[in-house]
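Note that the coordinates shown come from a computational prediction; the quantities given were computed from them, not determined experimentally. Lettering of chains follows the sequences in order, A, B, ..., and the numbering in each one begins at 1.
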Amino acid sequence: MTTSQGGGNRYDFKAIEEKWQGLWNDNETYRTTEYDARKKYYVLEMFPYPSGRIHMGHVRNYSIGDVVARYKRLRGYNVLHPMGWDAFGLPAENAAQKNNSHPAVWTYDNIEYMRRQLRQLGLSYDWQREIATCNPEYYRWEQLIFLEMWEKGIIYQKVTTVNWCESCQTVLANEQVIEGACWRCDSPVLPRQMNGWFFKITDYAEELLADLDKLQGWPEKVVTMQRNWIGKSTGLTCDFQVYGSEAKISIFTTRPDTVYGVTFMSLAAEHPLIAPLIAGYEKEQEVRTFVEQIITEKQRKSNEEEPEKKGIFTGRYCLNPFSGKKIPIFIANFVLMEYGTGAVMAVPAHDERDFEFARKYGLEIVPVIMPEGVTLIDRDMEQAYTGPGVLANSGLFTALPSEEAKQSIIRYAVEQHFGAPHVTYRLRDWGISRQRYWGAPIPMVHCDHCGVQPVPRHELPVVLPQDADPGSSKCDPLHQRPAFYTTTCPVCQGPARRETDTMDTFVESSWYFARYTCPRFTQAPLDREKASYWLPVDQYIGGVEHAILHLLYSRFFTKVLRDLGYLDIDEPFTNLLTQGMVIKDGAKMSKSKGNVVDPHDLIATYGADTVRLFSLFAAPPEKDLEWNSQGVEGSSRFINRLYRFIAQNRQFLQKKAASRGEPGESGRILHRKIHQTIRRVTENIENNFHFNTAISAVMELFNTLSAATDPAARDRAEAHIAREAIEVILVLLSPMIPHFCAEMWEQLGNSGSVEQAPWPQFDAKAAAEEQLTIVVQVRGKVRGRLEVPADIDDDELIRLALTDDNVARFIGGDTVKKTIVVKKKLVNIVV
RNA sequence: GCGAGGGUGGCGGAACUGGUAGACGCACCAGACUUAGAAUCUGGCGCUUUGGCGUGGGGGUUCGACUCCCCCCUCUCGCACCA
């Protein structure tokens, strides 16, 4: 059985799509070079992980990007539109183990298959620039960047408590822990002490935060998420002297104005001062047991809600440096060692957590911030007051407003040498060590004599071994491969051990957009000139799930690469479009829910153009797209209607030169509609990529064209207008359904391809209406409509409105108080 | 709890700086063509007792509110003991 749809009723999408894909491929139509007279435009979609086959989310993402690329080409830009593969990662290992294959084999097979699928969608990529991050020719440059970052001191190694996923057998970055669970497999994440490599992203915290203001072309939501993630807090660090000891406890607070309300001190269970504090005191053993208990509880906690607040008195006291007041030192389970100093000055009157804790253990509550017109009394307080106010019982600072007091108190602490202004971030350094095989090796060597040494540059790349050691699995991590890690020290030539951790795959995706500008450059990670020409990416498109992880890391890398001298930009992505998910039956498509639609089948049934058209038409790109098989039929029907119209009117449409003279009524309407459509489509794309409304505008034009083309009147003066209409339709739609438009353009006998056609020019005069429908309202309610010439004056309009029968009826006997005329729109009569 | 963004026909969605709510499409209904169906074409399609009522609910500003202001309900997403 043939799947082609010949017979004249439906267009043969299979033949047409294959033909044009072949031509684009053979002619390298989308190959891009630099230094063109045209302005550059770099449009990029987030590159896929080669998981096996493309899914509807890919189709949507890449259709959107392709429309942008094709549109910008038609508008005369030199467009860079590349594609590649985020090819390292755990699924390859899992799949390889299951199939007794090798991750590289599995990955490259998938790339092969998915590349073919992308080609079938007719996406206009410059395939010459394709990259796969698992290729040593890619990651060797990443290793070089690593070495340069190491030299610059942006990389360090430390033993810390890391996020460990037992199921993935690897460490995760903070950003990869979602509600206490692994971002990939959803199993609980446990803390674990380990040595690992870190990127000092916190060195860039301030710039990453400040530059968010430059990202005017980003969705507000993403900017806010990043701002919260960086989490800057400004305040005071200051020291509390331990009573009867030389030791000091350093605290951080964002509320120095409440410092006279401190009634106790809370330490995190992991605080290093606890051991010396309690040593030799009577309750030592009891406290020690409590601390251990809290630490185990913390390790066990996962997605559950907040545990109940609890703590224990250490038996020791410290002194408030401002008031000299002696306060008890507690250990509390809600104090985090990772944030601030791991010690909190507790102000129960003005902090909810401290309030709860104080009430539970019967501790003193001293209100020192009074809201306007209110005097707080500790016994009557039912909750902490956290708002602003005026200071009370605060020594020198009493009666100051709280905002002002913050500054004065910090200044005082500095003068008295027991404190300093301080800024803290929630952002942690990026831990990039992974204990897995399928990733880029970290190019370092450990030598017993010389310590940690970088691999000499001429030895790069440190290649990931492709063969298994005898008797082991193909996916064994590097620390189980003596043939890999046994080496000599680059300094002393003695025996040494290679680093066996691989890099987090997010490192690869943090700079790939830059490598696309010079994917085969062999001298350095980046060709400065080409990178400078193309970057930043003008339009980046991808899922909102990357709002923090990938987009924050890429911003960080851009700044690092700038500081290493490779780039001359501060931010990688000027405009960001976060497209919504593709859902079906109200839920995200997923295998477990069984609601997956495979694009492969759809393309086979309807063709790529229909699939693209539907995914663009059914919703604006930033919203979720509800998949609807009947909607796909509708898109297919529209293209087929266009096809039949052209096929059936070919003769008529050819009479371009023959028609002369004044067009009739329908011709004038059509001509006007053409120009109104050009304006609408152009604006819809330019403003916010609302292809759904752009497409509906073209549908309207086509409806007008079909109605205007009465077979009985075909030889009339309208022929050249009809011809203009169909050409405009084909150009306007060509970014969305490129195969069909290319074919029809050719069949209509145009010289040159539709891709070389100029974007149609909007003519305001041609779009102007000659007759207007004016709405007549009485007291704001529509009571009539008038057909009037566009140039009618207001007085005449009012006169006409008042004579309208229905309008007169609603005015009845009332007197007209006022009339409001809105130009070209309406008349409102107030009675 | 904090932050962000939404709630418009049976459905997806339109509506410019306040000015005809429901464009376009899907579904549905009727008709044409057909032996019949599919496909296609034409017309209809918010609710409704024809006077009205309608953009989550209630108030307000205005000649006029999906749009602006206040209060409330609800959904989605992100963060979540951050001192």
With a 4.0 Å heavy-atom cut-off, tell me which residues in residues 335-345 of chain A come close to RNA chain B, sorted by residue number.
A:Val335, A:Leu336, A:Tyr339, A:Val344
So which one's nearest nucleotide on RNA chain B is more toward 5', A:Trp229 or A:Arg785?
A:Arg785
Those stems involving RNA chain B that have three or more consecutive Watson-Crick or G-U pairs, both distances under 3.5 Å, are B:1-7 with B:73-79, B:10-12 with B:24-26, B:28-32 with B:40-44, B:46-48 with B:51-53, B:56-60 with B:68-72
For B:rG25, glycosidic torsion class - syn if within 90° of 0, otherwise anti:
anti
Establish whether the base of B:rC63 is bridged to the side chain of A:Lys817 by a donor-acceptor pair shorter than 3.5 Å.
no
Quick check for you: among B:rG19, B:rC24, B:rG78, whose closest atom lies nearest to any side-chain atom of A:Ile820?
B:rG19
Rounded distance in Å - CH2 (A:Trp627) to P (B:rG25):
19 Å
So what does A:Gln777 hit on the nucleic acid, given a heavy-atom distance under 4.0 Å: a base, only sugar-phosphate, or nothing?
base
Would you classify A:Asp354 as touching base, sugar-phosphate or nothing, given that sugar-phosphate means primed atoms plus P, OP1 and OP2, and contacts are heavy atoms under 4.0 Å?
nothing
How is A:Phe617 classified with respect to the nucleic acid when contacts are heavy atoms under 4.0 Å: base, sugar-phosphate, or nothing?
base
Contacts of A:Glu626 meeting salt bridge (charged side-chain N to carboxylate O under 4.0 Å, His left out) (sequence neighbours excluded), chain-then-number -> none
In whole Å, what is the span from the NZ atom of A:Lys781 to the C1' atom of B:rG52?
9 Å
Assign A:Gly634 to base, sugar-phosphate, or nothing according to its heavy-atom contacts below 4.0 angstrom with the strands shown.
sugar-phosphate
Once you apply a heavy-atom cut-off of 4.0 Å, does A:Pro219 come out as touching a base, just sugar-phosphate, or nothing?
nothing
